[in-house]
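Some notes on the structure that comes next.
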Amino acid sequence: MERTHKCGQLRPEHIGQQVALCGWVARRRDLGGMIFLDLRDRWGTVQVVFYPDSPGYAAADAVRSEYVVAVRGTVKAREEGNVNPRLATGAVEVAGAEMEVLNTATLPPFYITDDVRVDENLRLRYRYLDLRRPVMQANLMLRSRVAAIIRNFLLEREFIEVETPILTRSTPEGARDFLVPSRLSPGQFYALPQSPQLLKQLLMVAGLERYFQLARCFRDEDLRSDRQPEFTQVDIEVSFMGAGEFLAMMEDMVRRIFAEVKGAALPKPFPRLSWKAAMEKYGTDKPDLRFAMEITDISSLAAGSQFKVFADAVAAGGSVQGLRATAAFSRKELDQLAQVVAPHGAKGLAWMAVEEEGVRSPIAKFFAPEQIDAIVQAFAARPGDVLLFVADADTFGVALPALGALREHLGRRLGLYSEDQFCPCWVVDFPLLEFDQEEGRYVAAHHPFTAPVPEDVERLAADPASVRAQAYDLVINGWEVAGGSARIHTGEVQQAVFQAIGIDAETARSQFGFFLEALAAGAPPHRGIAFGFDRLVALLAGESSIRNVIAFPKTTSGADLMTAAPSLVDPAQLKELKIRPE
RNA sequence: GGAGCUGUAGUGUAGUGGUCCAACAUGCCUGCCUGUCACGCAGGAGAUCGCGGGUUCGAGUCCCGUCAGCUCCGCCA
């Protein structure tokens with residue numbers, strides 16, 4: 001039986017036609033004298049009806065859920081009253097003549113429907129069944145569509161797609177590498193790329209000028225709902241292009257994606273925010289701008305209070321920061337809010353409930369009435385609001401991130417935004433370096449090939465912390481969707497940055513020698529960006545985890561529950577690689 | 001490495017120390033049913049209560065450990 005149509009595509013225009021369909025039995029309704037089958041393929045579901053006098057009736061009687069069948073029949077209009085408006089094909093049905101069972105199916109361990117709330121263990125164990133669910137198929141189709149939009153956009157602008165190796169070289173800095181033992185060079189290892197960073201820069205040295213790749217990247221770090229050990233990056237690099245032109249082009253691409261996929265009009269241009277401003281206003285470098293609620297610094301007001309916690313924090317060089325929530329909280333709820341800031345190092349969460357006749361607060365007694373008034377004014381607080389404070393000696397490490405987490409929590413809990421709203425922004429002027437307490441040295445905040453802001457270069461040695469990077473992150477709704485920078489394209493600056501992060505000339509030569517040679521071989525000024533493709537698609541799909549837009553994802557412990565990877569291997573394989581297990 | 005949540009028929013849940021040889025819904029099986037679309041009706045089968053140990057006269061229930069999934073912190077240039 002040759003398939004002539006797709007189940008989900010049948011419409012009133014097909015009425016009267018003989019069709020042959022293939023698909024899975026989504027449901028079977030046996031009314032005794034007649035049998036209805038909901039037949040599902042990738043395009044949707046259509047109802048097929050069999051009467052006892054049709055040759056296919058016996059087969060229709062025997063099939064069960066998820067059997068694979070081919071059906072021949074005639075498309076008919078449904079009578080008035082029998083139309084199903086909830087089905088795209090609901091105006092028609094197929095009067096089934098013949099049916100062929102192409103394969104039987106075991107009883108599915110969970111329902112193949114969109115609204116199932118089933119244990120994720122099971123979904124991942126039987127991913128091929130999970131992926132039969134229409135919502136999952138829609139996610140994968142969306143992913144493919146977004147990839148196509150990106151390819152078209154970039155190809156239109158004369159970018160070329162280049163593949164870079166998966167088996168490559170381990171370099172210091174950055175995430176933990178996945179290593180692959182070399183059989184031909186026993187004791188030596190390839191590394192899987194954390195990103196094609198150096199390779200795409202070398203393509204610029206090679207003169208390709210405009211490169212992109214949907215690149216698979218690997219980082220051996222712990223997982224999160226927005227992080228998998230292997231993920232896909234839209235990797236982009238250009239030569240001879242300033243930040244203005246480049247970011248405008250990337251914005252155009254993102255605007256096209258959101259317009260075509262969501263019918264959403266994103267602002268032009270995207271708002272820009274310095275890293276410092278983002279931290280001070282939102283307590284994070286990836287702010288969710290769908291709701292206002294900004295952090296207010298009341299250090300100057302708190303310094304003069306009798307409340308030791310506040311005064312001490314300011315005296316120690318820190319600050320007191322606060323948020324205004326337009327909501328009332330019970331004692332228990334306030335305790336829960338304290339649980340939100342605690343993991344970020346906040347030692348407590350102070351609060352003041354603003355009322356008609358003053359404030360109600362356990363710390364009110366430490367403040368003079370005019371100090372209270374000043375604080376209430378600083379927040380423009382009105383009766384019914386609650387002010388929430390975190391004080392800490394470490395402003396950017398503790399106080400602001402704690403309130404940033406609280407802000408996100410409150411935004412979600414108080415329903416301050418909707419899911420179909422998209423608020424992009426560029427976060428710029430990141431610090432180039434940050435001090436790593438464990439290593440006792442500065443490390444690259446972005447990566448060691450990020451160009452410093454030119455007027456800051458001279459401070460690289462004397463005052464590394466103050467050097468800004470020519471870097472930019474694209475943030476949408478609190479998701480870091482892309483990150484990029486101008487790259488260092490001269491050996492001198494590259495050496496200076498290596499030096500600032502404690503990579504001496506010898507190490508630089510041995511680890512990055514090929515790269516330094518390339519920079520000296522006529523490297524053009526270049527810059528680039530990389531989009532977290534899984535995150536972008538998840539955002540567009542309205543999914544809170546990228547697992548739902550990846551066909552075969554891993555669990556939080558890095559396992560693939562379907563194939564049971566990772567697994568032990570045959571000792572002979574290890575022997576061949578000259579690897580001895582402990 | 002750390003914290004929290006979850007784990008009970010195929011699935012989703014209820015069960016808060018004793019009528020629990022575990023309940024409800026759905027799915028499954030059998031029978032009936034010619035306009036259903038989460039079809040309906042009647043009957044039936046289906047559970048080492050994640051795993052191990054402990055407390056107790058008695059544990060699905062309390063305690064300790066452990067495993068798995070999820071969320072978060074650390075980590076993620």
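Here the structure is a predicted model, which is why all the values come from computation and not from measurement. Just so it is clear: chains get the letters A, B, ... in the order the sequence lines come, proteins before strands, and each one is counted from 1.
Rounded to the nearest Å, the gap between the C1' atom of B:rU56 and that of B:rC63 is 12 Å. Taking the P atoms as reference points, B:rC72 lies 30 Å from B:rU61, given to the whole Å. Going from the P atom of B:rG7 to that of B:rG50 covers 8 Å, rounded to whole Å. The gap from the C1' atom of B:rA25 to that of B:rC32 amounts to 23 Å, rounded to the nearest Å. B:rC57 and B:rG10: their P atoms are spaced 34 Å apart (whole Å). Between B:rC24 and B:rC67, the distance separating the two C1' atoms is 29 Å to the nearest Å. Taking the P atom of each, B:rG54 and B:rG60 are spaced 15 Å apart, rounded to whole Å. Separation of the C1' atoms belonging to B:rA47 and B:rA42 is 25 Å when rounded to the nearest angstrom.
In this view, A:Arg64 satisfies the salt bridge (charged side-chain N to carboxylate O under 4.0 Å, His left out) rule with no residue, not counting sequence neighbours. Under the ring pair (Phe, Tyr, Trp, His ring centres under 6.0 Å) criterion, A:Tyr442 pairs with A:Phe435, not counting sequence neighbours.
Spacing between atom CG of A:Leu337 and atom P of B:rG4 amounts to 19 Å, rounded to whole angstrom units. Spacing between atom OH of A:Tyr51 and atom C1' of B:rU36 amounts to 10 Å, rounded to whole angstrom units. What separates CE of A:Met34 from C1' of B:rC37 is a distance of 11 Å, to the nearest Å. As rounded to whole Å, 10 Å separates atom P of B:rG12 from atom CG of A:Asn121. A:Leu122 places its CG atom 19 Å from the P atom of B:rU6, with the value rounded to the nearest Å. The interatomic distance linking A:Glu66 (CD) with B:rG10 (P) rounds to 19 Å, in whole Å. Rounded to whole angstrom, the span from the CZ atom of A:Arg125 across to the C1' atom of B:rU11 amounts to 16 Å. A:Gln47 has its CD atom 16 Å from the P atom of B:rU34, to the nearest Å.
A:Asp41 has no carboxylate O lying under 4.0 Å from a charged side-chain N of A:Lys6, or vice versa, which leaves the two without a salt bridge. Checked for salt-bridge contact, A:Arg28 and A:Asp61 meet the test: a charged N lies under 4.0 Å from a carboxylate O. Taking a cutoff of 4.0 Å between a charged side-chain nitrogen and a carboxylate oxygen, A:Arg441 and A:Glu173 qualify as a salt bridge. Between A:Asp130 and A:Arg127 there is a salt bridge, with a side-chain nitrogen of the basic residue lying less than 4.0 Å from a carboxylate oxygen of the acidic one. A salt bridge links A:Glu221 to A:Arg176: at least one charged side-chain nitrogen sits closer than 4.0 Å to a carboxylate oxygen.
For A:Glu120, the side-chain atoms get nearest to B:rG69 when compared with the rest of B:rA38, B:rC28, B:rG69. Considering only side-chain atoms of A:Pro343, the nucleotide from B:rU26, B:rC73, B:rU71 that sits closest is B:rC73. The side chain of A:Leu31 lies closest to B:rC39 when the candidates are B:rC39, B:rG1, B:rG27. Out of B:rG1, B:rG10, B:rU36, the shortest distance to the side chain of A:Tyr111 is found at B:rG10. Listed candidates were B:rU26, B:rG12, B:rC76. Nearest to the side chain of A:Asp119 is B:rG12. The side chain of A:Ser225 has B:rC72 as its nearest neighbour among B:rC72, B:rG35, B:rC37.
Here A:Arg27 reaches the OP1 or OP2 of B:rC39: one of its side-chain N or O atoms lies under 4.0 Å away. Put simply, A:Thr556 has no side-chain N or O that comes within less than 4.0 Å of OP1 or OP2 on B:rG69. Within the structure, a side-chain polar atom (N or O) of A:Arg64 is placed less than 4.0 Å from OP1 or OP2 of B:rC29. For the pair A:Arg28 and B:rU36, the criterion of a side-chain N or O lying under 4.0 Å from OP1 or OP2 is not met. Neither OP1 nor OP2 of B:rA38 sits under 4.0 Å from any side-chain N or O of A:Thr113. OP1 and OP2 of B:rU36 both lie 4.0 Å or more from every side-chain N or O belonging to A:Arg29. Applying the 4.0 Å criterion to OP1 and OP2 of B:rG12, one finds that A:Arg123 has every side-chain N and O outside that range.
Counting distance only, with no hydrogens placed and no angle test, the side-chain atoms of A:Glu93 and the base atoms of B:rG35 include a donor-acceptor pair under 3.5 Å. You won't find any donor-acceptor pair under 3.5 Å spanning the side chain of A:Arg224 and the base of B:rC70, going by distance alone. A donor and an acceptor atom never sit less than 3.5 Å apart when one is taken from the side chain of A:Arg117 and the other from the base of B:rU11.
No engagement by A:Ile501 is indicated, since no non-hydrogen atom pair under 4.0 Å with the nucleic acid exists. Within 4.0 Å (heavy atoms only), A:Val118 reaches sugar-phosphate atoms of the nucleic acid but no base atom. Contact annotation for A:Arg86: backbone-only contact, meaning every heavy-atom pair under 4.0 Å involves sugar-phosphate atoms and none involves a base. Contacts of A:Asp30 with the nucleic acid, taken as non-hydrogen atoms under 4.0 Å apart, include base atoms. Using a 4.0 Å heavy-atom distance criterion, A:Arg547 is classed as a sugar-phosphate-only contact. No contact: A:Ala405 has no heavy atom under 4.0 Å from any strand. Residue A:Pro109 is classed as a sugar-phosphate contact, given heavy-atom separations below 4.0 Å to backbone atoms only. A:Gln197 comes within 4.0 angstrom of a nucleotide base, judged by non-hydrogen atoms across all strands.
A:Asp473 places no side-chain N or O within 3.5 Å of a backbone atom of A:Val475 that could act as its donor or acceptor partner.
Cation-pi geometry between A:Arg407 and A:Phe291 is met: the NZ or CZ atom falls under 6.0 Å from the ring centre, inside 45° of the normal.
Both geometric conditions, a ring-centre gap below 5.5 Å and a plane tilt below 30°, are fulfilled for A:Phe36 over the base of B:rU36.
In this structure, B:rC41 and B:rG31 make a Watson-Crick or G-U wobble pair, each of the two defining distances being under 3.5 angstrom.
Mapping A:Glu173 and A:Leu223 onto RNA chain B by nearest heavy atom places A:Leu223 closer to the 5' end of the strand.
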